Number of protein chains: 2
Amino acid sequence: MTGATTAMAGCVPLAAPALSNEEAEATARLFAALGDPHRVKIVNLLATSPEPVCICNLIGPLGLAQPTVSHHMKKLVEAGLLEREQRGKWAFFSLNHEAVSKLAGLIDLEGKSR
Amino acid sequence: MTGATTAMAGCVPLAAPALSNEEAEATARLFAALGDPHRVKIVNLLATSPEPVCICNLIGPLGLAQPTVSHHMKKLVEAGLLEREQRGKWAFFSLNHEAVSKLAGLIDLEGKSR
DNA sequence: TCGATACATCGACAATAATCGATATGACTT
DNA sequence: AAGTCATATCGATTATTGTCGATGTATCGA
């Protein structure tokens, strides 16, 4: 399935894509982590909180069941945007500011010269 | 279904979420537009190209069928990240740099004080 | 040790999204 | 007018994802 059936007749190909498949997939994974409104709210809550927040403090504001919140937290941690810290029976989460900066820089790269 | 069944017993609620549902959904839509590796490649191609690019020049590098490329372009235009310009029978696309800057600013808001 | 609490995992289900072939639309050429 | 080319739309299919109830695991308190 290479596509490109008979459609691109008189078309001159541009320069080869600058991003590798792996780079594109990694970037997409990062953006996809923020592609859900509930996860955006979670990140916003953590960004506006001076202290780490536990899951039980997120269930109410989000209006989601506890397993669903756990699911979103896992996605955000796997994306590298959040850090998880166990305190007794509570799981506290905080923003990984380094990852957020890296994400912002990624967009700058995309919008400027690379 | 308000969630919060019996689970959050001794939990003190934090401050109310700062983002409205509409804000969170709009932000998520923007990120979701970049949550696909092919769309990341498209944006990268447009960012590295000094001139607008037509769809027939994207089919080859992406390895996708023409309707699939059109589908991705539509998503990116709807997200406000791309601008579409008709030239004869060709459709040329270019980055909306303003939208990209706005996206970068959004992340800064999220990572800093808001 | 026993019960309660906080969270994770599992299994299922529904909604969304990516993909493509077929076809329609619109523009240029002859 | 007819044919060709670039793109959009449609319909169907498959894969992914968000959601929740039920259950498992670990920690704390009595």
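Side-chain atoms are counted along with the backbone in the values below, which use heavy atoms only and exclude waters and symmetry mates. Order of the sequence lines sets the chain letters (A, B, ...), proteins ahead of strands, with each chain counted from 1. What you are looking at is a predicted structure, and each value in this text was computed from that prediction instead of being measured.
- Note: CD1 (I59(B)) to C1' (dT19(C)) measures 14 Å, nearest angstrom.
- Residue E85(B) qualifies as enclosed at atom CD: its count of foreign heavy atoms under 6.0 Å is above 12.
- Within residues 76-88 of chain B, the residues that have a heavy atom under 4.0 Å from DNA chain D are, in order of number, R84(B).
- Partners of R29(A) by side chain to side chain donor-acceptor pair (under 3.5 Å), not counting sequence neighbours: none found.
- The base of dA6(C) is not paired with the side chain of Q66(A) by any donor and acceptor separated by under 3.5 Å.
- Regarding L62(A), its CG atom lies at a distance of 13 Å from the C1' atom of dG18(D), rounded to whole Å.
- If you take NZ of K74(A) and C1' of dG18(D), they are 14 Å apart, rounded to a whole angstrom.
- Judged as a side chain to side chain contact (heavy atoms under 4.5 Å, CB included), and not counting sequence neighbours, the contacts of A28(B) are P37(A), V40(A).
- Atom-to-atom, CZ of F93(A) to C1' of dA6(C) comes out at 11 Å; the value is rounded to the nearest Å.
- Scored by the side chain to side chain donor-acceptor pair (under 3.5 Å) test, T68(B) finds no partners at all (sequence neighbours excluded).
- For the side chain to side chain contact (heavy atoms under 4.5 Å, CB included) test, residues two or more places apart in sequence or in another chain that qualify with S94(B) are P52(B), E83(B).
- The side chain to side chain donor-acceptor pair (under 3.5 Å) check on H72(B) picks up R39(B), with sequence neighbours excluded.
- Considering only residues two or more places apart in sequence or on other chains, Q86(B) meets the side chain to side chain donor-acceptor pair (under 3.5 Å) condition with R84(B).
- Note: CG (N57(B)) to C1' (dC5(D)) measures 14 Å, nearest angstrom.
- Distance, W90(A) CH2 to dA26(D) C1': 13 Å, rounded to whole Å.
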Donor-acceptor pairs under 3.5 Å, side chain of residues 75-82 of chain B to any protein atom, not counting sequence neighbours: which ones?
none

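- Of the two residues near DNA chain D, V69(A) and K89(A), the one whose nearest nucleotide lies more 5' is V69(A).
- The separation between L64(A) atom CG and dC7(C) atom C1' is 15 Å, rounded to whole Å.
- Distance, L58(A) CG to dA6(C) P: 13 Å, rounded to whole Å.
- Contact annotation: the side chain of F31(A) approaches that of I107(A) to within less than 4.5 Å [non-hydrogen atoms, C-beta and beyond].
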N/O contacts under 3.5 Å, protein versus nucleotides 10-18 of chain C?
| unit_1 | atom_1 | unit_2 | atom_2 | d |
| --- | --- | --- | --- | --- |
| dA18(C) | OP1 | R39(B) | NH1 | 3.2 |
| dA18(C) | OP1 | R39(B) | NH2 | 2.7 |
| dA18(C) | OP2 | K75(B) | NZ | 3.3 |

